[in-house]
Structure formats: structure tokens, C-alpha cells
Amino acid sequence: MLCCALLSLLTTSAPEVKTYTVGGVSRIATVFAPSRPGAHPPLVFGFHGHGGNMRNAANSFQMHEVWPEAVVVYMQGLPTAGMTDPEGKKNGWQQKPSDENGRDVAFFDAVYADVTKRFAVDLDRVYSMGHSNGGRFTYVLWSERGELFAAFAPSGSPGALLASTPKPLFHIAGQKDPIVNFTGQRLTVDAVKRKNGCQGQGEKVGTYATMFKGKDGNDVVAYFHPGGHEYPRAEGPKLIAEFFKTHRRH
């Protein structure tokens, strides 16, 4: 047992906290190298909600644990005004491409350039996920940098800004969400389904998820759970990892 424990410690990659200077501002991100290394690993970006941080994102999304072959980056926002924080005292992300002079898209650009080069990432397997404000920023990245990604997985977030290029989507929403209107999220998913050429009633893939097959592999999963604004840690990470694994950029 002791040998197994030591082996586990030796094969688990410790995260690296990396500092980037973007527009004269110091920004940080936690980078998990693959604990099961391989040539040209996939890359996942995770974005915390308003008031959160990169540590919260790692604990919630668990992508570095459920997909050990991947490079996983949890980026940290800056104090940003939002609907629950009008004075902008808590960490957050730009909600539209024009917000904050595009500071967070520029931050993403810096991290993407660094991580893809250092880890020789498979550029056809790059993904983004985020919760609440982080999910909204995931939609912003779809709009502004969609050509770089294979698929997206926002949670508990509005998505009024739809990209023009169809991409696979896994959207999580709570039917009793008191912060982000569920109906608006459902309408967003419906709009993406139309954009992606999804037809039919879909196929149940678990308790709360329905898969809609899209044209050219641009599938949509609607994960509508009976809860509120919380992220479904129990099964969300594994389902998203499996969704990502089955979609490459094309």
C-alpha cells in the first residue's frame, strides 16, 4: 500500500501558478500538466463565476482529475462590476466583447500562446468551460476566438452573444436558477441547436442530459437539472470530459 501511495504521488503533477503581464496588468492562472503525459495533449480552459477564483474553478470543474491526459488551465478574473456586484469589488470576466477594453480576451490570448507552445498541445482539441459569469465569458470566447476551439461547456450562464460559426455545445442550467433566468438559457440552447442543424427530440444521456445530433458533428447537449444556480459537481465534470473527448475541431 505504501508503494502504491508513493507511486501515486510521483505520477500526480503539481499545478503551476503562472503570472502573465497583459496590458501592464499582472494576471495569474493555475496550469495543470497532464498526470498521464502523452504526445500533443488536449487543452481545457476553465473560468470561475463572479466572486470566485482559479482555486474554486479547479475544485468545482475537476477537469484535471477526470481527464488526466489533458493540460488544464484555470484562469483568474479581476474585480469587475456585475449584476450581483455593482461596485465591482469581486473577481469576474468581461460579459461582452466590448467590455473592459477586451482585457480578458487579451489575457486568454497570452495564456493560449504560452501553454499551447510549452506543452505542444493538439490544436484541434482545445476546449472552454465556465460557470455563471465564467460561462458568459466562454460564450464571449466563442464569439471572439471560436476558430481556436473544438467545443464549449458553459454552465448557469446567459448566452445572448452567439458566435456565427457552429460549434459543439454542452450547456448546464438549473430549472430553479434564482440568478440567471432558466428560460433565457433554454432559449439560448434552442438557438444554438438551430444554428448547429440539430433536429428531432434528442436522446437522453443520463438523468438530466439530452443529446441533439448536429450537422458536421456540431452536437448540443442540454443538461437541465432541477436545482438552482449551483454547478453539478457530482456528474458534470465527467459528462463534460466525455463530451469534449468525442469532439475535435474541424
Side-chain angles (χ1 to χ4, degrees), residues 4-5 7-18 29-49 52-76 111-112 115-116 119-132 134-135 137-138 141-142 149-157 167-174 203-211 217 219-225 227 229-249:
C4 292
L7 180 61
S8 176
L9 288 173
L10 289 173
T11 57
T12 299
S13 300
E16 171 192 14
V17 176
K18 187 77 184 293
T30 297
V31 180
F32 283 84
S35 56
R36 293 180 186 168
H40 306 300
L43 169 62
V44 182
F45 288 90
F47 300 95
H48 61 76
N53 55 48
M54 57 192 186
R55 184 175 63 255
N56 299 148
N59 290 338
S60 294
F61 301 151
Q62 306 166 32
M63 197 56 49
H64 58 288
E65 298 177 2
V66 298
W67 199 358
E69 295 84 5
V71 177
V72 183
V73 181
Y74 303 106
M75 295 168 57
Q76 185 155 306
V111 179
Y112 176 89
V115 174
T116 54
F119 291 95
V121 164
D122 182 344
L123 298 182
D124 290 327
R125 294 192 295 161
V126 180
Y127 311 87
S128 178
M129 63 187 300
H131 180 64
S132 194
F137 184 58
T138 289
L141 286 177
W142 186 356
F149 290 94
F152 299 91
S155 168
S157 55
K167 292 284 181 176
L169 174 73
F170 189 118
H171 187 109
I172 295 174
E203 176 187 356
K204 295 292 289 185
V205 286
T207 307
Y208 305 121
T210 303
M211 163 75 83
D219 306 322
V220 173
V221 172
Y223 183 100
F224 295 158
H225 63 85
H229 193 61
E230 70 276 3
Y231 179 79
R233 299 186 186 188
E235 63 177 0
K238 291 182 180 180
L239 290 175
I240 289 173
E242 290 306 312
F243 182 75
F244 284 167
K245 289 176 184 179
T246 59
H247 292 89
R248 297 176 63 91
R249 184 178 64 166

Taking atom CD of E65 and atom CZ of F32, what is their separation to the nearest 0.5 Å?
7.5 Å
Could you please spell out the steps behind the side-chain contact (heavy atoms from CB on, under 4.5 Å) verdict for K18 and T30?
CA-CA 6 Å; K18 187 77 184 293; T30 297; over 6 Å; no
Using side-chain contact (heavy atoms from CB on, under 4.5 Å), reason through H171 and Y223 one step at a time and then give a plain yes or no.
CA-CA 6 Å; H171 187 109; Y223 183 100; over 6 Å; no
To the nearest 0.5 angstrom, please state how far the CG atom of L169 sits from the CZ atom of F152.
9.0 Å
Q62 side chain reached by R233 side chain, heavy atoms, under 4.5 Å
yes
Q76 side-chain N/O to M54 backbone N/O, donor-acceptor pair under 3.5 Å:
yes
Do H64 and Y74 have a side chain donor and acceptor closer than 3.5 Å?
yes
Are Y231 and F61 packed together at the side-chain level, in the sense that at least one heavy-atom pair is separated by less than 4.5 angstrom?
yes
Taking atom NZ of K238 as the centre, does the number of heavy atoms from other residues, nucleotides or ligands within less than 6.0 Å exceed 12?
no
My understanding is that only one of W67, F45, F149 makes a ring-ring contact (aromatic ring centres under 6.0 Å, His included) with Y127; could you say which?
W67
Check P154 against G135 and note the closest heavy-atom contact, atom names and distance.
CB-O, 3.7 Å
So K204 and M211, do their side chains get closer than 4.5 Å, heavy atoms only?
no
Here the gap from T207 atom OG1 to L239 atom CG, rounded to the nearest 0.5 Å, amounts to 9.0 Å
Where the side chain of N59 meets the backbone of N56, is there a donor-acceptor pair that is under 3.5 Å apart?
no
Heavy-atom side-chain contact between L141 and S128 under 4.5 Å:
yes
Please assess M75 against H48 for the test side-chain contact (heavy atoms from CB on, under 4.5 Å), listing each intermediate value before the final yes or no.
CA-CA 8 Å; M75 295 168 57; H48 61 76; over 6 Å; no
So do H131 and H229 actually touch side chain to side chain, heavy atoms under 4.5 Å?
yes
Please indicate whether E235 has more than 12 foreign heavy atoms, meaning atoms of other residues, nucleotides or ligands, lying under 6.0 Å from its CD.
yes
Indicate yes or no: at least one non-hydrogen side-chain atom of M129 is less than 4.5 angstrom from one of V44.
yes
4.5 Å side-chain heavy-atom contact, V126 and P42
no
For V115 and V121, work out which heavy atoms get closest and say how close.
O-CG2, 3.9 Å
Taking the side chain as everything from C-beta on, heavy atoms only, tell me whether F47 gets closer than 4.5 Å to T138.
yes
Could you go through the side-chain contact (heavy atoms from CB on, under 4.5 Å) check for V221 and T210 one step at a time?
CA-CA 5 Å; V221 172; T210 303; over 6 Å; no
Minimal non-hydrogen separation, P237 against P232, with atom names
CD-O, 3.7 Å
Starting at CZ of F137, measure out to CH2 of W142 and round the result to the nearest 0.5 Å.
15.5 Å
Looking at OG of S157 and CD1 of I172, how far apart are the two atoms once the value is rounded to the nearest 0.5 Å?
9.5 Å
Under the 3.5 angstrom rule, does the side chain of R125 hit a backbone N or O of H40 as a donor-acceptor pair?
yes
Has the side chain of T246 got a donor or acceptor atom that lies under 3.5 Å from a matching backbone atom of F243?
yes
Please report the interatomic distance CD(E230) to OG(S132), rounded to the nearest 0.5 Å.
11.5 Å
